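Just below is one structure, and these are the notes that go with it.
So you know, we letter chains A, B, ... as the sequences are listed, proteins then strands, and number each from 1. Not measured: the values here are computed from a predicted model.
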Amino acid sequence: MSIAREAVQWTVLVCLGYLLVVYGSFLVMIGISALEERLRRSRRRLESFARVRGSELTIPVTIVAPIYNEEPVVAAATRSFLDVDYPEFEVVVVNDGSTDGTFAALEREFELEPMTRFFRKQYESAEVRGLYRSRTRANLVVVDKENGGKADALNAGLNLARYRYVCGVDGDTILAPTSLLKGMRLALSDPERVIGVTGHIAINGEPERAVNADGDPSRLDPRTLLAFQHLDYLRSFFNNRLGWTRLNTMLCAVGAFQIWRRDVLEEVGGFSTSFSCEDIELTFRVHERFRRERRAYQIVSLPETVGVTEGPDGVRKLVAQRERWQRVILETVFHYRHMLFRPRYGTVGFVGVPLFVVSEVLAPVFEMLALAAVVAGLALHALALEPTLLMLAALALLNGLLASTAVLLEDRNSRAYAVRDLARLIALGPLDLFCYRPLIFWARAKGTWRFLRGDKGWHKFERNVRASA
Amino acid sequence: MNGAGRFPMVPTSLLTAAVAALGAAWLGLAVWIVGGRLVGGRRRRRSAAVADGLASGRLAARSFRSRRLRLVADGDFGVASARAAAELVRRDSPALLRSARRPGFRRTGALRVLARGGSPAAFAALREARADARPSVTAGVVAIAAEFDTQMADRLLLELLVVGDHPRSRTATELVPRVPRLVDELLALTDHSEPAVRYWALMLLRYADSEPGIAAAAVSASTAEEPLVRGAAARLLGVAGGSWELPVLRALLGDDVFFVRAHAARAVGELGAQALAADVAALLADENWWTRAAAKESLLVLGPAGLEAALAMRGDDDRFARDGASEVVDGFGRDRDVHGRAGMRLVEGFGR
């Protein structure tokens, strides 16, 4: 019995050490993120949006939106892409062999008609069944193709893209009208170096209803599970990605909003279909190439919310989504493991990838160990109840503090949400550890297991049922 | 280590204190966020009300504290900002000038207030700040200078374009509305030693009123060694050229560099040079995708002459030319059955 107790106690100590490292790195990253946010906010005041918006010299962009079974949201999402406030852009929507009424919804909404366009097949993709243009929106092209996955659809869209910058978005994302201008403002401030831009995306069960009359995100979903996801995204972007930007180790330009210089995409061969998900892998690949070739570059994250995307409104769907994310993180980190602690890869090799390994790859292992150790420790009386509970309370409050910092950084930039929504997000912070993390823990454990089994499926979650449906 | 009930070996009092401290920090931050939002909202509303009053002349700038005026002067309130800034300059110009020389975020704020307030020293301070060459300061100088429709602002922006401390595309964006009164200066820059400066001078001249000197500058630049400059010359000819310049455009359509050919093709469309429609149509067989795409766009813009030229290419030996021509014809909406025949083979294939 005493050996078991000792084992439990050692396990708890190791887990505490792990927590110390993880939360220590989080706190350092928050400091760096706050500095970056301050700099960006100050610089933003020095730019004339109106002039950039009205200038012919502003470089045009192609928005590429892969869609698969997005019937409830596809019309609203495509409208939001077409309504972005930008001098010159085109929208290429790629229907990736949807099996529901997605294409019909597009056809109806935008009065599509077949068109002839001979495009260069620079990237391999599943067979294109037809190309369509809209009778009402001149800058919309719809590609109808066989199902080949998101990366495949993005590559098909790239084949049609006419402009020098490409903005990849998700088909269930409602873009804010200023999103492209905000992103391109950063790209154009130093077009030689800034090769990729991403931004914060808010979460809602019905993104098409989460924006105000101006099209800006303004409403928090009343459902607690979705509010927790919103908070999770806020933490991820404002506590981490801004700091990564400062260190030029931004390892994930999110699929819902990723602007890339097209020549960079051409150079690295487009989106890879060999991974469960395309966004993290592409970002890693670009870093790997530019660092290896010692070229000056930057991939940056905006300190602003650029749109709203659909989050799963049920536990099962959430677990399916996060399980996939965990798998793709593991696939990517495993594939690019040679970057770890190699001087050639600079901050990416010494800070970015190690942080990913510690906070994402190893997390399920330590989470599982910690849970088992606490349960066994209490059962075996190897842990005293009172200090254990106090430690958990401290951890919960620390989580609350981190979440509140993210809320603060977001609010300083957007002031998008009502005060009651801010208060709600802040209040949910300390509850995150007990109400939301266990779900993520389960999803990560499942994802790790599936990665070990070599599963590469997408397991897309079913669309949320709309209140009006 | 294994004493039952004692592990983790951290005194409960210490843990309780940690929990209390973290709880207080969380609560404090919560109050700060929510309170900051409420106070900030009130401050913004008050500033807007003051700005309204100043703009309409209902309120006098003299009756407000400097802090309140500064919020208005540094904000985007048009006339009200200028009135508040003028009052601040009247009250304490030396302090503003000192702030305008100090490094940090307040520097650009002080520069803006000085410039908006009409301080005679404002543009000297802006030049001084530009010489500093820090990217954020230079960005600030460009933004502030762009607010003023004066010769001093024009010259400062032109200087910045030449020096290139700030991305030239951004400085050029600010210069666009000023081009009609900067034609001589820009024409002089078309002979500058740095190709990037020549490029931007030619690009900006697109926004000038038509003048013989401009077309001549474009013709002269069309034989430049640097393809970037030749491309800009082609684009300029698209708006400033005439029948005399068609041979130059024709030569540019056959340039060695693909993007010069592409710019020339677009320029033909922009100029409406129907006489060159067949030359543009020949580019449907170009080896480069960008050039082929530009040729298609140009033919569509050229109207009937573009359509005729495209129809003539439908029997061409080159598959790319035939495909491109079909696409152009489809674009005109004349030949609906084209889609039916060509729709099965929408891909251009590899290698080109």
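- Interatomic distance, CZ of A/Arg53 versus OG1 of B/Thr173, reported as 13.5 Å (0.5 Å rounding).
- Residue contact with chain A, scored on non-hydrogen atoms closer than 4.5 Å, is absent for B/Ala293.
- Considering A/Leu402, A/Leu398, A/Leu397 in turn, A/Leu397 is the only one that fulfils the side chain to side chain contact (heavy atoms under 4.5 Å, CB included) rule with B/Trp26.
- Using a 4.5 Å cut-off between heavy atoms, A/Thr405 touches chain B through backbone and side chain atoms alike.
- B/Arg170 approaches A/Arg185 most closely through the heavy-atom pair NH1-O, 3.4 Å.
- Highest contact tally toward chain A, considering only B/Leu38, B/Leu22, B/Val328, B/Thr12, is held by B/Leu22 [criterion: heavy-atom pairs under 4.5 Å].
- Contact of B/Pro135 with chain A is not made at all, since no heavy-atom distance falls under 4.5 Å.
- Taking every heavy atom of both residues into account, A/Ile426 and B/Val34 meet most closely at CD1-CG2, 4.1 Å.
- Proximity to chain B is limited to the side chain of A/Arg43, based on heavy atoms less than 4.5 angstrom apart.
- Residue contact with chain A, scored on non-hydrogen atoms closer than 4.5 Å, is absent for B/Ala18.
- Side chain of B/Arg37 to main chain of A/Tyr417: a donor-acceptor pair is present (N/O by atom type, distance under 3.5 Å, no hydrogens or angles).
- With values rounded to the nearest 0.5 angstrom, A/Arg415 atom CZ is found 4.0 Å from B/Arg44 atom CZ.
- With rounding to the nearest 0.5 angstrom, the CG atom of B/Leu204 is 6.5 Å from the CG atom of A/Leu57.
- The candidate from B/Ala20, B/Gly40, B/Gly23 with the greatest count of non-hydrogen atom pairs under 4.5 Å with chain A is B/Gly23.
- Counting non-hydrogen atoms of other residues, nucleotides and ligands closer than 6.0 Å to CD of A/Glu386 gives a total of 12 or fewer.
- With a 4.5 angstrom heavy-atom cutoff, A/Arg420 does not touch chain B via any of its atoms.
- Ranking B/Ile144, B/Asp74, B/Thr16, B/Val141 against chain A, the residue ahead of the rest is B/Asp74, based on heavy-atom pairs under 4.5 Å.
- Within the 4.5 Å cutoff, side-chain heavy atoms of A/Glu56 are placed close to those of B/Tyr207.
- Neither the backbone nor the side chain of B/Arg168 comes within less than 4.5 Å of any heavy atom in chain A.
- Your options are A/Pro191, A/Ala403, A/Gly429, A/Ser55, and the one with the most heavy-atom pairs under 4.5 Å with chain B is A/Ser55.
- Contacts between A/Leu422 and chain B at a heavy-atom distance below 4.5 Å involve the side chain alone, from C-beta outward.
- Scanning all heavy atoms of the two residues, the minimum distance from B/Pro167 to A/Ser189 falls at CG-O, 2.6 Å.
- Counting non-hydrogen atoms of neighbouring residues, nucleotides and ligands closer than 6.0 angstrom, the CZ atom of A/Arg164 reaches no more than 12 such neighbours.
- With a 6.0 Å radius and a threshold of 12 heavy atoms from other residues, nucleotides or ligands, B/Arg106 has its CZ atom at or below the threshold.
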